[in-house]
Amino acid sequence: MNVTEQIEPEVTEKLYDLDQLKKTFGENTEFIISLADIYINTFPANSKLLVQATEVKDWLMVSKLAHKIKPTIDTMNIFSITADIRALEKAVKKEVNTDTLSEIAVKVDQVINTVAQQLKYEFNL
Amino acid sequence: MKNQKPLKVFIVEDDLWYSSMLEYYLSLNPDYVIKKFNTAHSFLSKLHEKPHVVTLDYSLPDMNGDDLLKQVKENSPDTKVIIISGQEDVKVALDLLKKGANEYIVKDEDTKERIWNTINNLRENIELKEEIETLKEEVSRKYDFNNLIIGNSHAIQRIFIMMEKAAKTNITVSVTGETGTGKELVAKSIHYNSPRKNMPFVAVNLAAIPKDLLESELFGHEKGSFTGAVSRRIGKFEEATKGTLFLDEIGEMDINMQAKLLRALQEKEIVRVGSNEIVKIDVRIIVATHRNLSEMVKNGTFREDLYYRILGLPINLPPLRERENDVLIIAKHFMDKFCKENDLAKKNLSTDAKKKLLGHAFPGNVRELKSVIELACVMAEDKEIEAEHLNVMSPNIINDFMLKEASLKEFTIKFIQFYLDKYNYDVLQVARKLNVGKSTIYRMIQNKEVFVNRKYSLEENFTN
């Protein structure tokens with residue numbers, strides 16, 4: 001794909017960093033790009049499901065999805081939502097106030113989508 | 001350096017991002033053969049491939065981690081399972097470890113290193129286990145009756161039948177026989193062909209243990225129970241738990257100790273020296289002796305009650321001289337084995353060498369034959385082992401002659417042949433030494449009862 005065709009993300013501040021991945025996989029850029037590609041193709045869809053699950057108050061599903069997404073958020077150092085994803089993960093537990101979870105899910109969804117856009121831009125995907 | 005076999009690693013993870021990272025990371029080791037699965041069902045359909053290690057995501061969409069672990073343990077019990085979870089829940093982790101998981105790893109930035117190290121450790125365990133299995137198979141083969149019992153004589157075939165009967169049950173076995181007849185080998189063979197074969201075989205030579213230490217050796221002791229008991233130590237009975245305890249040279253046991261042994265065998269329990277605690281025992285007993293225990297009972301040196309307790313299935317190993325042509329079959333076995341182990345060309349016994357072996361009484365039995373054959377293999381320059389290479393001269397030739405029952409005429413022939421061999425077939429000298437008429441010897445030569453040209457005569461008269 002041609003670089004000129006890429007749309008620059010609305011949020012210019014980079015919401016992730018790849019230091020952890022680079023530390024683990026060295027300078028194997030090709031592999032890091034393949035991970036970015038997986039992220040772009042799977043995570044926005046998962047975060048959309050997360051929002052839908054909070055809307056219908058399916059807290060078990062919210063927990064499961066958050067649990068699944070959490071390690072990637074940590075590995076990509078997406079610090080702005082690390083606490084939020086943990087709050088969603090605890091949705092199924094009774095001690096959590098579920099009133100705020102829909103709001104949190106929307107925020108997580110937005111950040112995940114922004115990161116996807118930023119990755120597309122960085123790696124020309 | 002050890003040549004490592006490829007390690008089959010299955011990654012079961014529905015998160016494509018995470019499974020790709022794991023796959024990439026583990027692929028850095030070229031010895032790992034990796035397969036990825038994103039559902040429990042796709043993984044279970046390939047479980048028959050018996051992976052060495054599985055990394056299992058605890059939260060799969062189609063089956064929970066508990067159920068999946070259970071299925072792995074049921075269908076592929078040797079597969080090592082590493083549970084990978086996003087939850088730092090100690091209770092869940094402990095529960096899974098109790099259910100058979102080998103490791104529980106939380107997804108975080110150190111996961112990959114931990115998985116790497118865990119798999120390396122598991123691999124060492126797997127390799128050790130495989131080595132143990134191989135060794136067990138080797139031991140099993142080594143003590144297979146067919147490999148152990150070499151010989152076609154009726155006497156040894158009867159032993160073979162008795163050993164098979166002994167191996168099938170838990171009955172106490174008493175093995176008797178002259179020194180060198182293979183009593184311990186028979187005991188081991190019964191053990192390694194019995195249902196107890198995967199448990200310990202513990203041999204104790206009662207003649208080699210000082211009288212004062214025997215109780216502690218057999219039953220163990222508590223710390224401080226006697227001078228030198230610096231720590232608690234279990235005895236041979238406990239060491240042989242669920243296995244076999246072989247008490248060799250039981251006839252040498254002190255009469256006081258016999259009472260304690262009798263109690264242990266009757267009650268199936270022991271008490272360590274210096275302790276009051278009763279320890280239940282589950283061991284199969286095989287005893288051996290070269291002595292005549294019934295005679296010892298008669299003269300009061302062996303307890304009658306213990307005698308009947310240990311008699312069980314008696315196996316009396318015949319001496320080599322009563323095993324017909326087995327001496328030649330066993331000699332060939334030792335010859336082949338020794339030559340193979342020492343990179344020597346395969347050797348054969350010449351006809352007169354065979355005759356010499358058959359004529360010898362072998363007071364040291366198979367053990368003596370083994371040493372005679374090994375020396376002959378070293379001494380013989382060519383492929384053929386000649387009679388002169390066989391050092392079977394008994395230190396007491398009269399005893400040697402007497403061991404093998406024979407008629408007076410046979411003894412006479414043996415005697416004269418021995419002197420002829422000794423004095424290089426000088427008939428006159430032999431006649432003088434034995435104070436017999438030279439004509440007697442010449443007549444025996446003429447009748448082919450004795451020989452002065454052994455090679456020629458033996459080829460003519462001995463064809464096996």
Side-chain angles (χ1 to χ4, degrees), chain A residues 16-47 49-50 53 58 60-79 82 85-93 112 115-116 119, chain B residues 11-30 32 34 36-40 55-68 82-93 96 104-119:
Chain A
Y16 64 93
D17 80 54
L18 302 175
D19 289 354
Q20 223 188 103
L21 288 177
K22 284 176 182 167
K23 201 172 128 191
T24 308
F25 302 109
E27 294 306 310
N28 192 338
T29 315
E30 202 179 316
F31 181 66
I32 291 173
I33 293 171
S34 75
L35 285 179
D37 197 40
I38 291 169
Y39 181 98
I40 293 161
N41 289 307
T42 58
F43 279 77
N46 282 341
S47 67
L49 289 174
L50 187 66
D58 182 353
L60 180 63
M61 182 55 75
V62 171
S63 281
K64 278 187 174 177
L65 286 165
H67 179 73
K68 200 54 80 184
I69 294 167
K70 183 182 73 177
T72 308
I73 288 173
D74 290 344
T75 315
M76 301 258 311
N77 290 339
I78 309 174
F79 297 121
T82 50
I85 201 73
R86 282 169 172 76
L88 290 168
E89 193 186 13
K90 288 175 187 163
V92 79
K93 293 185 179 168
I112 282 176
V115 170
L119 285 170
Chain B
I11 297 169
V12 189
E13 171 67 74
D14 66 323
D15 180 349
L16 186 58
W17 162 281
Y18 211 83
S19 66
S20 299
M21 284 208 306
L22 275 184
E23 183 187 28
Y24 178 87
Y25 194 65
L26 295 177
S27 302
L28 296 176
N29 187 329
Y32 294 173
I34 294 161
K36 272 196 309 183
F37 303 89
N38 60 2
T39 63
T55 69
L56 213 66
D57 180 24
Y58 184 65
S59 314
L60 289 165
D62 56 342
M63 195 179 287
N64 73 44
D66 270 5
D67 292 342
L68 189 50
I82 303 171
I83 302 281
I84 299 178
S85 169
Q87 298 184 86
E88 296 166 36
D89 191 330
V90 178
K91 197 169 166 287
V92 172
L96 287 165
Y104 181 92
I105 293 175
V106 177
K107 287 178 183 174
D108 62 21
E109 58 184 291
D110 298 326
T111 306
K112 290 167 287 296
E113 282 79 9
R114 281 214 293 278
I115 290 177
W116 184 270
N117 292 335
T118 302
I119 292 180

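Throughout, protein chains are lettered first and strands after them, A, B, ... in sequence-line order, and every chain is numbered starting at 1.
Using a 4.5 Å cut-off between heavy atoms, A/Leu21 touches chain B through its side chain atoms alone. A/Thr72 touches chain B through backbone and side chain together, each having a heavy atom under 4.5 Å away. If you measure heavy-atom distances from B/Glu13 to chain A, the contacts under 4.5 Å come from the side chain alone.
Around CE of A/Met61, the count of heavy atoms belonging to other residues, nucleotides or ligands within 6.0 Å does not exceed 12.
Looking only at side-chain heavy atoms (C-beta outward), B/Tyr24 and A/Asn28 come within less than 4.5 Å of each other.
Interatomic distance, CG of B/Leu16 versus CD1 of A/Ile38, reported as 4.0 Å (0.5 Å rounding).
For A/Thr82, there are no side-chain hydrogen bond (donor to acceptor under 3.5 Å, both in side chains) partners, not counting sequence neighbours.
No other option in B/Tyr25, B/Trp17, B/Tyr18 has as many heavy-atom pairs under 4.5 Å with chain A as B/Trp17.
Under 4.0 Å is where a charged nitrogen must lie from a carboxylate oxygen, and between B/Asp57 and A/Lys68 at least one such pair does.
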